[in-house]
Amino acid sequence: ELMRRLEAAALLLAAAAAVLVLAGAAEGLGVNWGTQASHPLPPKVVVQLLKDNGIKKVKLFETNIDAMKALAGSGVEVMLAIPNNLLHRIAGDSGAAKDWVKRNVKRFDFDGGVVIKYVAVGNEPFLEAYNGSFMKVTLPALENIQNALNDAGVGDRIKATVPLNADVYSSPARNPVPSAGRFRAEISGVMTDMVKFLAKNKAPFTVNIYPFLSLYLDDNFPLDFAFFDGGAAPVNDNGVMYTNVYDANFDTLVAALAAVGHGDMPIIVGEVGWPTDGDRHAKASYAHRFYDGLLKRLAANRGTPARPNRHVETYLFGVVDEDRKSVQPGSFERHWGIFRYDGQPKFGMDLSGQGRRDATLVPAKGVQYLSRTWCALNPKASRDDLGKLLGAKIDYACSNADCTTLGYGSSCNGMDAKGNASYAFNAYYQTQSQEDEACDFQGLALPTQTDPSTATCNFTIQIATSGAAVTRLGVAPVAAALLVALLQLSLL
């Protein structure tokens with residue numbers, strides 16, 4: 001009788017666990033899958049990671065063939081992407097657009113293939129930093145791709161859209177409230193035409209919203225206003241109270257759309273997230289706080305003051321960290337993942353938005369690592385060699401690997417000088433897939449089987465992958481030079 005009861009209890013526990021897994025992510029929740037990594041996770045591992053966590057939508061940044069093959073038959077809905085560097089050709093040649101649709105959409109669009117829902121035409125092409133480089137080609141490219149989808153007979157279920165940065169709209173300085181939102185003056189004409197074309201084809205407007213960047217770019221920005229837990233002084237918009245920058249940003253877009261006659265246009269949030277390293281505000285505790293608030297709102301379809309009780313399709317940025325991303329915007333760029341580079345969760349997270357405190361993400365399965373070997377500063381290196389060679393060697397290591405966690409406010413910033421040098425050497429060694437010659441640095445470094453990690457700084461072991469890339473990463477020279485100077489001063 002006891003055994004029967006124990007078996008019954010075990011079955012109930014298994015059923016409960018299955019319900020939790022099946023509950024999965026909040027409705028409409030997706031993730032961005034970037035692949036700018038020296039050792040990318042195998043696509044099959046990533047797709048299984050998505051499925052294990054109940055994530056049913058994914059947004060790509062290019063049509064990676066291996067990723068598409070892995071997605072085939074998975075049931076995961078996909079937003080394909082056309083990189084900015086293809087916009088000029090597709091804008092000027094409708095035949096090129098038709099060829100792109102044939103090779104990247106029709107090729108995978110079959111029963112048991114890839115469930116393609118959208119095509120992202122470019123990525124934030126109107127960023128002010130681009131100085132208008134894509135101003136004249138983005139809309140023609142969008143038109144050609146949507147027309148090609150229509151001609152291919154799939155335009156009724158696959159829509160073209162343009163993921164845009166939130167800097168395409170703003171409120172005037174004299175009236176800085178969401179309801180005064182308008183598109184940026186120099187692009188208002190093309191934005192109006194784009195919105196009309198999207199509306200004609202029943203396609204959504206896609207925007208990337210980053211409360212973290214509001215905090216990063218403005219030292220006077222109120223910290224609590226970046227989150228959803230109501231700790232900030234509200235912004236009063238003619239009696240409508242805004243308690244967080246996400247709602248305010250979203251509704252500024254709603255007002256801008258209304259100003260051009262399309263206030264009810266569907267909006268997709270193409271990117272939203274919080275990095276976990278590379279800046280004093282980029283840490284796991286803040287990321288957990290941000291996502292906890294965001295996911296609860298998405299699950300409840302809370303919407304925003306301008307669009308209450310509305311479901312918003314939203315893509316978190318991103319799946320995993322990418323150690324080859326440009327750090328020109330900031331060192332945090334390589335730390336946006338909700339998973340580490342190897343598919344391991346960074347912090348507790350309830351994707352269902354139910355606020356379960358014990359909820360955790362399911363880690364990647366079947367990940368293969370390189371041997372448990374690190375590269376560290378040679379304790380027998382002479383003071384003379386350290387003085388003559390160390391600066392140049394660290395510069396070389398950090399120009400070819402990711403040293404962003406050593407920066408101010410980052411997780412590895414508190415180590416001593418020898419620890420910093422070891423971190424730089426190990427980062428390079430792992431990026432080079434532990435090649436023997438990658439841990440020498442003219443006698444300044446030695447391989448070790450003793451983990452040099454500290455309580456706050458993880459010295460990684462890279463994953464084994466056939467897709468490993470060992471090309472120069474191009475770390476910002478000023479940042480690398482500053483790091484070298486600090487390490488040299490500490491060792492002298």
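Just the heavy atoms: all of them, side chains too, but no hydrogens, waters or symmetry mates, feed the values below.
Cation-pi geometry between Lys283 and Tyr286 is met: the NZ or CZ atom falls under 6.0 Å from the ring centre, inside 45° of the normal.
Phe225 and Phe221 have tilted rings, their planes meeting at an angle from 30° to 60° on a 0 to 90° scale. Using cut-offs of 30° and 60° on the angle between ring planes, the pair Trp274 and Phe290 is tilted.
Counted by atom type alone, Lys393 and Gln442 present one or more donor-acceptor pairs between their side chains at under 3.5 Å. Using modelled atom types, one finds a donor on one side chain and an acceptor on the other under 3.5 Å when comparing Ser371 with Gln434. Ser411 and Asp277 form a side-chain donor-acceptor contact under 3.5 Å, judged by distance and modelled atom types alone. Between the side chains of Tyr408 and Asn413, no donor-acceptor pair of N or O atoms lies under 3.5 Å. Judged purely by distance below 3.5 Å, without hydrogens or angles, the side chains of Thr405 and Tyr423 pair a donor atom with an acceptor atom. Judged purely by distance below 3.5 Å, without hydrogens or angles, the side chains of Asn165 and Tyr210 never pair a donor atom with an acceptor atom. There is a side-chain donor-acceptor pair under 3.5 Å between Asp251 and Tyr242. Between the side chains of His39 and Ser433, at least one donor N or O sits under 3.5 Å from an acceptor N or O.
The shortest side-chain heavy-atom distance between Leu41 and Phe339 does not fall under the 4.5 Å cut-off. Val119 has its side chain out of reach of Met79: every pair of non-hydrogen atoms, C-beta onward, lies at least 4.5 Å apart. Counting heavy atoms from C-beta outward, Trp336 and Glu322 have side chains that stay 4.5 Å or more apart. Proximity of Val254 to Ile267: side-chain heavy atoms (C-beta onward) are separated by under 4.5 Å at one or more points.
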message = With salt bridge (charged side-chain N to carboxylate O under 4.0 Å, His left out) as the criterion, how do Arg340 and Asp342 come out once you've worked through the C-alpha distance, each side chain's angles and the decisive distance to 0.1 Å?
response = CA-CA 5 Å; Arg340 300 192 325 159; Asp342 56 355; 2.5 Å; yes
ask   = Can Arg334 and Asp323 be said to form a salt bridge (charged side-chain N to carboxylate O under 4.0 Å, His left out), step by step?
value = CA-CA 5 Å; Arg334 294 178 179 170; Asp323 66 359; over 6 Å; no
inquiry  = Please evaluate residues Arg324 and Asp402 with respect to the criterion salt bridge (charged side-chain N to carboxylate O under 4.0 Å, His left out), reporting the C-alpha separation (whole Å), side-chain torsions for both, the decisive distance (0.1 Å), and the verdict.
reply    = CA-CA 8 Å; Arg324 293 185 67 193; Asp402 179 26; over 6 Å; no
query = Does the pair Arg289 and Asp224 meet the rule for a salt bridge (charged side-chain N to carboxylate O under 4.0 Å, His left out), with working shown?
reply = CA-CA 10 Å; Arg289 179 183 175 188; Asp224 289 338; 2.9 Å; yes
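If you look at Tyr315 and Trp33, their ring centroids are not closer than 6.0 Å. Taking the six-membered ring wherever Trp is involved, the centroid distance between the rings of Phe459 and Trp374 does not fall below 6.0 Å. You'll find the ring centres of Tyr429 and Phe425 outside the 6.0 Å limit.
Atom CG of Asn85 is surrounded by more than 12 heavy atoms from other residues, nucleotides or ligands within 6.0 Å. With a 6.0 Å radius and a threshold of 12 heavy atoms from other residues, nucleotides or ligands, Lys69 has its NZ atom at or below the threshold.
When every heavy atom of Ala445 is checked against every heavy atom of Cys375, the shortest pair comes out as CB-SG, 3.6 Å. Closest approach of Leu80 and Asn104 over heavy atoms only: CD1-O, 3.2 Å. Among all heavy-atom pairs drawn from Ser171 and Pro176, the shortest one is CB-CA, 3.9 Å.
Remark: of the listed residues Thr360, Asp292, Leu295, Leu295 is the sole one forming a side chain to side chain contact (heavy atoms under 4.5 Å, CB included) with Met349.
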